[in-house]
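Ligands are counted one by one from 1 in listed order, and the atoms in each one are counted from 1 as well.
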Amino acid sequence: MAITVKGPIVEMDGDEMTRIIWKMIKDKLLLPHLAMDLKYYDLGVKHRDLTDDRVTVDAAEAVREFGVGVKCATITPNAARVREYGLKQAWKSPNGTIRSLLDGTVFRKPIIVRNIPPAVRSWKKPISIGRHAYGDIYKAVELKVPGPGKAELVYTPASGDPVSLVIHEFGGPGVVMGMHNTERSIRSFARACINYAAGEKCDLWFGAKDTISKTYHSFFKEVFDQETEAHKADLEGAGVGYRYMLIDDAVAQIMKAEGGMLWACMNYDGDVMSDMVASGFGSLGLMTSVLVSPEAKYVYEAAHGTVMRHYYEHLKGNPTSTNSVASIFAWTGAISRRGEMDKTPEVAAFARKLESAVIRTIEDGTMTKDLAMIAEPKPAKHALTEEFIDAVARRLQGA
Ligand code: NAP
Ligand code: MG
């Protein structure tokens, strides 16, 4: 008997090897067990091109309407891809489009399996990272200073007198940069972090350098203080604590912690630290990602791309060993979120059961090549793409 998932899930199909895996996951792990109302959008690059990328906007609007989406990895076309697929133009990154339409924040979370030990001994539970993806050095203006002269920071209000500050009196050549952020974006980020932490029931950490940057970084801290205070009841209800630390202290604490927290990061810190945490936990194939909007709309996906190299091997008829774990967990994330929203515990329970079938399959020694290379103990051989999914399917049947 199939379990009925009451509310709709917005399904966004994608490209290359992940599109192949996507279909196997649906056919072998989901559709035999669940009756789902899927709102399907084909974000494969050819279909984006055919619709002049309208389909990406439609999919984001559907997420806004229905609340939960799951997305396959997609090609962000560059010049080479435009030639390869004969596209009308190099369409923008679908993730970027969806993120800006939902005003969302991306959270990355590793999947932990016992036989893939993290590089950091104390890490026992996942460390999730939320990166503020707007502004700071990513939207800065920069100037090479050729020689002596004065650099100033000038703000000219829409009405009123300009305010100016001297940045530096240059005695010789140098460089100067002007960066900004907006209260609206910082507040959205703080709210998305609060939603995520409350949803995952994990503590929320935020670090910045407010001792040095007494206006810029302090502003981030103030907004986080205000928002966590305003949502105190939600956080306390979920048993979630909030901690502010200096960023260097946060880094030191993370290396000694056992994990299990959301680490909210300013844009640059998140860029750097998410790569550190991802490689510390082992493999891109074990990294999930979810976009959360301030209105609590969710899009789940794998953190990796379309695994192009494997796809070309697949097209040549060669066997592949592509890890489907993060894509499976994208589905279980969306399904369990749906179950929570619909108050259908049997749906969330199915998601947990599938996740544990995946983890036990790996812990019993069946895994794809990327994991086999770093597992302890090393398995005698690695599983091919479909063999791994079949092994999970058998375990799920038996469970
Ligand atoms: P990628 O797809 O993440 O793959 C890079 C390499 O990482 C692979 O060649 C493979 O290494 C390894 N890898 C990644 N995921 C794996 C998995 N599930 N199982 C096994 N190995 C895995 O990055 P890319 O090749 O640079 O990008 C390909 C396309 O993906 C690009 O067109 C890019 O625009 C797109 N992309 C999309 C998203 C998204 O939709 N969220 C994110 C990033 C990139 P080996 O070759 O050594 O086996
Ligand atoms: Mg980076």
Enumerated ligand 1 atoms positioned under 4.0 Å from heavy atoms of H310: 10 (C), 20 (C), 21 (N), 45 (P), 46 (O), 48 (O)
Heavy-atom nearest neighbour in the protein, as seen from atom 44 (C) of ligand 1, with distance rounded to 0.1 Å: G305 CA, 3.4 Å
Result of checking I359, L354, V290 against F329 for side-chain contact (heavy atoms from CB on, under 4.5 Å): I359
Options M12, R81, E301, R309, ranked by nearest heavy atom to atom 32 (O) of ligand 1, top entry: R81
Polar atom proximity, V307 to ligand 1 (N or O, under 3.5 Å): yes
Check: E16 N/O within less than 3.5 Å of ligand 1 N/O: no
4.0 Å protein heavy-atom contact status of atom 46 (O) of ligand 1, strictly under: yes
Carboxylate-amine/guanidinium contact K232 D234, below 4.0 Å: no
Sub-4.0 Å atoms of ligand 1 with respect to non-hydrogen atoms of N95: 40 (O), 41 (N)
Residue, atom name and distance, where the atom is the protein heavy atom closest to atom 18 (N) of ligand 1: N323 O, 2.9 Å
Contact (N/O only, under 3.5 Å) between T322 and ligand 1: no
S327 side chain near H304 side chain, heavy-atom distance below 4.5 Å: yes
